[in-house]
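Below, all heavy atoms of this structure are taken into account, side chains as well, without hydrogens, waters or symmetry copies. A note on names: the letters A, B, ... follow the listed sequences, proteins ahead of strands, and every chain is numbered from 1. As the structure is a computational prediction, the values presented were derived from the model and not from experiment.
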2 protein chains.
Amino acid sequence: MMGAATNREVNRLSVTIKDIARLAGVSHTTVSRALNDSPLINDETKQKIKQIAEELGYTPNYNAKSLVLQKSHHIGLFFTTLDTGTSAQFFYDVVRGVQSVIRDRYQVSVKGIDTYESFENVNRKAFDGIIVMSQSAQDNDFIRWVAEKEIPYVVLNRRIQEEHAVNIVPDDRQGAFSLVDFMIRQGHRRIGFIEGKARFQSAEERKAGYMEAMRTHALELDPMLIRQGSYDMESGYQAMKQLLELPSIPSAVFCSNDEMAVGAVKAVSESGRKVPDDISVAGFDDHSFSAFLSPSLTTVRRPIEKIAKDGAGKLVEAMESGERRSEFIPVATQLMVRESVKPFVPN
Amino acid sequence: MMGAATNREVNRLSVTIKDIARLAGVSHTTVSRALNDSPLINDETKQKIKQIAEELGYTPNYNAKSLVLQKSHHIGLFFTTLDTGTSAQFFYDVVRGVQSVIRDRYQVSVKGIDTYESFENVNRKAFDGIIVMSQSAQDNDFIRWVAEKEIPYVVLNRRIQEEHAVNIVPDDRQGAFSLVDFMIRQGHRRIGFIEGKARFQSAEERKAGYMEAMRTHALELDPMLIRQGSYDMESGYQAMKQLLELPSIPSAVFCSNDEMAVGAVKAVSESGRKVPDDISVAGFDDHSFSAFLSPSLTTVRRPIEKIAKDGAGKLVEAMESGERRSEFIPVATQLMVRESVKPFVPN
DNA sequence: ACATACAATGCACACGTTAACAATATCCTA
DNA sequence: TAGGATATTGTTAACGTGTGCATTGTATGT
C-alpha cells in the first residue's frame with residue numbers, strides 16, 4: 001500500500017527537490033547542488049539528477065529561494081504617475097527598453113509613485129532593485145526612501161542630487177535651445193512658448209532652453225507669449241487658442257512636447273490659418289506620429305528607449321556587484337528638422 | 001553585555017514577527033495571529049502587538065508568506081508582443097486599467113509572450129493569476145499552457161474557445177461594419193481597406209466587418225482596394241500610396257487602426273489631394289490623438305481601458321473565490337463621426 | 001464543588017530551498 | 001602502509017510565516 005505518500009504527491013502544487021532526491025537516491029542537498037551546478041557534485045550524479053528533474057518537469061520555487069537567498073528576483077519600475085503627464089509613447093518606450101535588457105532575469109513590476117499612500121512595502125525584501133523614471137521633484141520623497149532602505153536604484157530622465165545612484169538624463173535644455181535657436185535663425189522674432197506640466201523638471205528645462213535662446217539672440221521675452229500647458233493635447237489646443245487671440249500673434253510657437261503641438265496645430269487650423277505658412281509650430285520628444293503628420297512636425301528627439309536600456313543595464317550591474325556608484329550621464333538630444341517650421345516671411 | 005543578540009538584529013534585513021514577539025513577551029504565533037486579526041487573540045494583546053509592530057516599522061516578508069500560503073501575490077499581464085503590432089496607446093490604456101483596479105493588492109508584472117522560449121516559469125508558484133491581452137492566435141499555446149497549469153486567468157481582446165475562462169472582447173466586426181456602413185450611406189461606393197497586422201484577430205474581425213457592410217449593400221469587393229498593413233503608421237502610408245496609384249482610386253478608405261490612418265492621410269497629402277475633400281479616410285480605436293488631427297479622424301471607439309478594468313476585476317474574483325467560470329462578454333464599440341469622412345461628391 | 005465549555009496562548013512542525021559543517025570513501029605520498 | 005589530502009555526499013539548521021494540536025486559565029451551569 002502506498003496511499004499516503006501518493007496522496008501527498010498528488011495534492012502538492014508541484015515537484016520539489018525532495019521528490020527528485022527520492023527518485024535519484026540521494027539527499028535533497030545533493031539535488032540542490034547539482035541543479036545549481038556546484039563543482040562539489042560528481043558529474044555523473046549531476047547528469048542523472050538533471051535528467052530526472054527534466055523528466056518530472058521540475059521548476060524551482062522562487063519564493064523559497066527568495067526566502068533563503070534574501071533576493072526577490074523582482075525589480076520595480078516606477079513612474080511619477082500613470083495618469084496625466086505621462087504620455088503613452090513615453091511609457092511604452094520605457095517599458096520596452098527595460099524589458100529588452102531584463103528579459104527573464106527578473107520580474108518587472110510597473111508602478112505609479114502617486115498611487116502609494118505609504119512606501120512601507122517598498123523595501124529590500126520586495127525589490128532587488130528599482131528604476132525610477134522620474135518626471136518631477138514630487139518624486140524626491142520616494143527616492144529618498146529608496147536610498148535610505150539601501151535598495152540599489154537608478155534615476156532616469158530627471159537630474160537629482162543624491163550621491164549614491166546612477167542618473168541618466170536627456171539634455172532637454174540643450175534640445176530646446178537648439179530648436180528655438182533654429183527658429184530664430186529662420187528669421188522668427190516673436191516666438192511663443194507653451195510650457196509642459198507644472199513642476200515637471202523636463203518642463204522647466206525646456207523653458208530654460210527657450211529663454212536662453214531668446215536671450216542669446218537678444219530678443220524680447222514677452223510674458224504674454226508664454227502659456228502654461230500640461231503635456232496633453234487639449235492643453236496645447238487651449239494654449240494656442242489664447243496665443244491666437246493676442247493683438248500681435250507670434251510667428252512661431254514652440255510647444256514643450258509633440259502632443260501639445262498636435263493640439264496647437266488644430267487650434268491654428270480652426271482659426272483659418274495654416275501651419276507652417278501662417279505660423280510655424282514645433283514640438284519636443286519626436287513622438288512616433290510626428291514624422292507622419294501633415295505637415296510633419298519639427299521637433300527634438302530624446303532617446304528615451306536608449307535611456308531606459310542603459311539605466312536597466314546599470315541597475316543590474318549595481319545589483320550584482322553590490323557597489324553603489326554615483327554617476328551622472330547626460331544624453332544628447334537631436335534636432336529633427338521637418339516641415340512645420342518655415343522661414344519667417346513678413347506680410 | 002548584549003553583543004551577540006544586538007549584532008544579529010543589526011545585520012538582519014529587517015524586523016520579523018519574532019522580534020515583535022520578544023518585545024511583547026508572547027510567542028511569534030500570537031504575533032502572527034494578532035497581525036492577521038485572528039479572532040483567537042485577546043483585543044488588548046492584539047492592540048499592544050500592533051503598536052509594537054508599528055513602532056518597529058515592521059513589514060511582512062512576502063516571500064515567507066508566499067512560501068507557506070502558496071500564494072505569490074503576483075499577477076502577470078501578458079501581451080502577444082511588446083514590439084510592432086502593439087500600439088503605445090493600447091499598451092498604456094491596458095496597464096492603467098489593470099493597475100487602477102489591482103492597486104497594491106498584487107504586484108503586476110508586464111510581459112510579452114513572444115519573448116519566452118519556454119513557459120516553464122509560468123506556473124502557480126509564480127503567478128496567482130494571469131491576464132492575457134491577446135491579439136493573435138499565436139497566443140493559443142500560451143493560453144493552453146496556463147489553462148493546464150490551472151492558473152486562474154482571463155483572456156481579453158480576442159475571442160477564444162477555451163471553456164474555463166472569462167473572455168472579454170470588443171465587437172470589432174460590428175464596429176467596422178457600422179463605420180463602413182456609414183461611409184456607404186454617405187454615398188461612397190469604391191471603398192478601400194487597409195488591413196491590420198497579419199494573423200491578429202482584430203485585423204480579421206475588422207476586415208470581416210468591412211466585407212459584410214460591402215456585401216450588405218451589394219457593392220463590388222474589388223481585391224485591388226484591399227491592402228495589407230501592420231498597424232503602424234509607415235504601413236498605412238505605404239498602403240495608401242499603392243491605392244493612390246490605381247487607375248481608379250477609392251473615394252474613401254477604411255484603415256484598420258488610427259495609426260495607419262495617420263500614415264494614410266500623409267500619403268494623400270503628399271499626392272496633392274486633400275482629406276476629406278478629395279478622399280475620405282477613417283480609422284479604428286479612437287486613439288487619443290484622433291480628435292486633435294486636422295481634419296479630426298472619424299473612427300470607432302473601443303473601450304480598451306474599461307475592458308482591462310473589467311478583466312482585472314473578474315480575475316480577482318476568480319482568484320479569490322477559487323471558481324473557474326466560463327463567461328463570454330462582448331463589448332460594444334461606438335462610431336465616432338468626425339471630419340475625415342465627407343459625403344461622396346462625384347466630380 | 002465539580003465537570004464542562006470556552007477563551008487565549010504556546011509548541012512544534014511545515015512550506016522549499018541553501019549552506020555550514022560533518023562524514024565517508026578514495027587516492028596519493030613518503 | 002599509515003597518514004593526510006581530496007572528492008563526494010549527507011545531516012542539520014536556517015530563512016519568516018502560518019496552523020493543527022495541546023495547554024492553560026477562567027467562566028458557566030448544575
Would B:F78 and B:F119 count as a close aromatic pair, with their ring centres under 6.0 Å?
-> no

Would you say the ring centroid of B:H73 lies under 6.0 angstrom from that of B:Y62?
-> yes

Please give, in whole Å, the distance from [N] [atom2] to [X] [atom1]?
{"X": "A:K18", "N": "D:dG10", "atom1": "NZ", "atom2": "P", "value": "14 Å"}
{"X": "A:K46", "N": "D:dA7", "atom1": "NZ", "atom2": "C1'", "value": "12 Å"}
{"X": "A:K71", "N": "C:dA19", "atom1": "NZ", "atom2": "C1'", "value": "17 Å"}
{"X": "B:Q70", "N": "D:dT17", "atom1": "CD", "atom2": "P", "value": "17 Å"}
{"X": "B:E44", "N": "D:dT26", "atom1": "CD", "atom2": "P", "value": "14 Å"}
{"X": "A:I20", "N": "C:dT17", "atom1": "CD1", "atom2": "P", "value": "8 Å"}
{"X": "B:R124", "N": "C:dC15", "atom1": "CZ", "atom2": "P", "value": "17 Å"}
{"X": "A:D37", "N": "C:dA19", "atom1": "CG", "atom2": "P", "value": "14 Å"}

Check every strand shown and say whether [X] touches a base, only sugar-phosphate, or nothing at a heavy-atom separation below 4.0 Å.
{"X": "B:T30", "result": "sugar-phosphate"}
{"X": "B:N63", "result": "nothing"}
{"X": "B:Y58", "result": "sugar-phosphate"}

At under 4.0 Å, does any side-chain N or O of [X] touch on OP1 or OP2 of [N]?
{"X": "B:N36", "N": "D:dG18", "result": "yes"}
{"X": "A:K65", "N": "C:dT18", "result": "yes"}
{"X": "B:N61", "N": "D:dT17", "result": "no"}
{"X": "A:T45", "N": "D:dT9", "result": "yes"}
{"X": "A:S32", "N": "C:dT18", "result": "yes"}

5′-ward residue of the pair B:A64/B:I41 relative to DNA chain C = B:I41

Select from B:L69 and B:H28 the residue whose nearest nucleotide in DNA chain C is closer to the 5' end of that strand.
-> B:H28

Polar side-chain contact B:T29-C:dA12 base: donor and acceptor under 3.5 Å = yes

Hey, which sits more toward the 5' end of DNA chain D by its nearest nucleotide, B:R33 or B:Y62?
-> B:Y62

Please figure out whether B:L40 or B:L67 has its closest DNA chain D nucleotide nearer the 5' end.
-> B:L67

A:D310 with A:K306: basic N within carboxylate O range, under 4.0 Å = yes

Select one nucleotide: of D:dG10, D:dG18, C:dT17, the one nearest the side-chain heavy atoms of B:V68.
-> D:dG18

Nucleotide nearest A:S27 (side chain, heavy atoms from C-beta), chosen from C:dT17, D:dT11, D:dG20 = D:dT11

Considering non-hydrogen atoms only, spot the tightest contact between B:Q135 and B:R158 and give its length.
-> C-CD, 3.7 Å

Salt bridge (Lys or Arg N to Asp or Glu O under 4.0 Å) assessment of A:R96 paired with B:D83 | CA-CA 8 Å; A:R96 261 171 39 130; B:D83 294 322; 3.3 Å; yes

Could you point out which residue of A:L56, A:N61, A:I52 forms a side chain to side chain contact (heavy atoms under 4.5 Å, CB included) with A:V15?
-> A:L56

